[in-house]
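Data first, discussion second: the structure below is written as structure tokens.
Side-chain atoms are counted along with the backbone in the values below, which use heavy atoms only and exclude waters and symmetry mates. Quantities reported herein were computed from a predicted structural model and do not represent experimental measurements. Letters go in sequence order (proteins before strands), and every chain restarts at 1.
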Amino acid sequence: MLDWRWDFTFDILPRLLVATGNTLMAAGFGYAIAVVLGLVFALAQRTPSRVLTVLVREIVEFIRSTPLVLQIFFVFYVGPQFGLRLSPWTAGMIAIGLHYAAYLSEVYRGGLDSVPKGQWEAATSLNLSTARTYFRVIIPQAMPPSLAGMGNYLVGILKDTPMLSVIGVAELMHTANAIGSETYRFLEPYTLVGIIFLALSLPTAAAIRIFESWLRKKLGMI
Amino acid sequence: MSEKHLSGFPLSLDGPDRPMVSFRKVTKSYGSLTVLDSLDLDVAEGEMVTIIGPSGSGKTTVLRMLMTLESINGGVIYVDGEPLTHMPKGDHLVPANSRHVRQIRSKIGMCFQQFNLFPHMTALENCMEGPVHVLGMSKKDARERAEDLLAMVGMADKRDQHPSRLSGGQQQRVAIARALAMRPKVMLFDEVTSALDPEVIGEVTNVIRKLVSEYNLTMLMVTHQMGFAKDISDRICFFYGGKIEEQGSPDQLFSNPQKERTQQFLSAVKEAM
Ligand SMILES: Nc1ncnc2c1ncn2[C@@H]1O[C@H](COP(=O)(O)OP(=O)(O)OP(=O)(O)O)[C@@H](O)[C@H]1O
Ligand SMILES: [Mg+2]
């Protein structure tokens, strides 16, 4: 029989909600790093420098072909050997930010490539600098087609934050594990974690879709 | 470019009757395909030159090289007396760096067959982007200039619309205003009416007529509209196989073409109309 205890559930709920804050913070910070770094990766692959292009492409390929959990371990445990002694939070944010930057760079690349060549030519004919062309002309148009992919990875990064528990970041999974080993009850903490993730992911996905159509309208592109 | 230093080309063009645009022995090839073969073409200040010719004869390429959208493989292009594709170093010319190209390119504006307006900006914003961010004008001055130009092309009432809300003819008129807002000395038009429905072509050609009569612009135009070309051009260049096969005043070229290929082309065009 399923042995669900409501009093226990309400006892552990505050602790799990605090951990939810940490999960959101980890996902938020990690995503912020990924959004910016991903753009750097994508733009670096479009510079005239072949060396830079190939180097960054290989880095992206390497990150995408190895497991996130390995990257987290690597930054945290191998980092110190290179004199890089990081807190679990810092190491975790670097690892997850880098990991998702690699994926987001591919999303951006698709978005940037989808902007018609004529837009570049118009920008050149107006003598806009390369930087201006990117930030005023190309990136705004690359955004709507990138948003769906960006949204998927936002939900993805949220769902991957439990991997940070392996180096002791006190997010949801880590807290649920701790509760389990203290009380030998796993049903309630894990069920709550599942519900909380569901409650976070579903609205996020919906919000992205709404944001996407709002943005298209705002940019006058429909 | 293979040769680093060019000799035999002047560092600049001087004198009272120097051309506004000068192609000197300009060659362009894609791989083994030579698209333009040692082209010599001068356009005087204030002159309207129209390029006609069969598909693939290199008409668009001429304009794109001048707008620096294509590199060249040989020769030199001069604009307003100064080399565009090259820059002086000591007593000879070397390939231009991007700073030099940007400086000379600022004298040239271009309108495209597909308009290429920025879709996320309104008509007004399209016309203000360059003046504010390239010329460094204040928003207020740029806005005034943009509004004047939009009024000139008959688009004042649509200034707050995005391009997706405008017809092709309206978009092309905004594109002309956008190019003029940069105060170019040379304007390039590449088949600006080819993507338009027949009934709105007049909107755009009328704006170009106005430019010819009211502005002292040097213009190079590619078009398939022979009647329009005949009306407004000072000179017609007939291109064939990457060379100027024949050129002359509209009367000369249309009424009394000398070369056989010109005659064939013109009669084929007439039949199609
Ligand atoms: N990017 C490119 N790569 C390879 N070949 C090209 C490229 N652009 C143009 N060409 C070739 O160069 C030649 C001249 O092209 P161009 O566009 O200047 O012709 P055009 O006279 O403008 O023709 P149309 O009347 O069809 O517009 C053509 O043979 C074309 O196929
Ligand atoms: Mg063409």
Between A:T161 and A:F197, is the side chain to side chain contact (heavy atoms under 4.5 Å, CB included) condition met? List the steps. CA-CA 11 Å; A:T161 50; A:F197 268 114; 4.0 Å; yes
Which bit of B:L117 comes within less than 4.5 Å of chain A, counting heavy atoms only: side chain, backbone, both or neither? backbone
Run the side chain to side chain contact (heavy atoms under 4.5 Å, CB included) test on A:E171 and A:M173 for me, step by step, so that the C-alpha distance in whole Å, both residues' side-chain angles and the decisive distance to 0.1 Å come before the verdict. CA-CA 6 Å; A:E171 47 66 65; A:M173 200 63 200; 3.4 Å; yes
Side chain, backbone, both or neither: which part of B:L69 has a non-hydrogen atom closer than 4.5 Å to chain A? side chain
Does any backbone or side-chain atom of A:R132 lie under 4.5 Å from a heavy atom of chain B? Answer side chain, backbone, both or neither. side chain
Please collect all ring pair (Phe, Tyr, Trp, His ring centres under 6.0 Å) contacts where either partner lies in residues 116-137 of chain A, sequence neighbours excluded, each pair once. A:W120-A:Y134
Can you find a side-chain donor-acceptor pair between B:D190 and B:T60 that sits under 3.5 Å? yes
Taking it one step at a time, do B:S22 and B:D42 satisfy side-chain hydrogen bond (donor to acceptor under 3.5 Å, both in side chains)? CA-CA 4 Å; B:S22 184; B:D42 283 359; 2.7 Å; yes
Identify which of B:R178, B:R64, B:H133, B:M110 forms the greatest number of heavy-atom pairs closer than 4.5 Å to chain A. B:H133
Any donor-acceptor pair under 3.5 Å linking the side-chain atoms of A:Q71 with those of A:T66? yes
For the interface with chain A, which of B:A179, B:P131, B:P119, B:G130 has the highest count of heavy-atom pairs at distances below 4.5 Å? B:P119
Select one option (side chain, backbone, both, neither) describing which atoms of A:Q141 are under 4.5 Å from chain B's heavy atoms. side chain
A:F29: which residues meet the ring pair (Phe, Tyr, Trp, His ring centres under 6.0 Å) condition with it, sequence neighbours left out? none
Do any of residues 85-119 of chain A come closer than 4.5 Å to chain B, heavy atom to heavy atom, and if so which ones, in number order? A:K117, A:G118, A:Q119
For B:R102, what residues pass the salt bridge (Lys or Arg N to Asp or Glu O under 4.0 Å) criterion, not counting sequence neighbours? none
When you check the side-chain N and O atoms of B:Q172 and B:T193, is any donor under 3.5 Å from an acceptor? no
B:H162 versus chain A, the contacting section by heavy-atom distance below 4.5 Å: side chain
Contact class of B:F118 relative to chain A, heavy atoms under 4.5 angstrom: both
For the candidates B:Q161, B:M67, B:R105, which exhibits the highest count of non-hydrogen atom pairs separated by less than 4.5 Å from chain A? B:R105
More than 12 non-hydrogen atoms from neighbouring residues, nucleotides or ligands closer than 6.0 Å to CD on B:E214, yes or no? yes
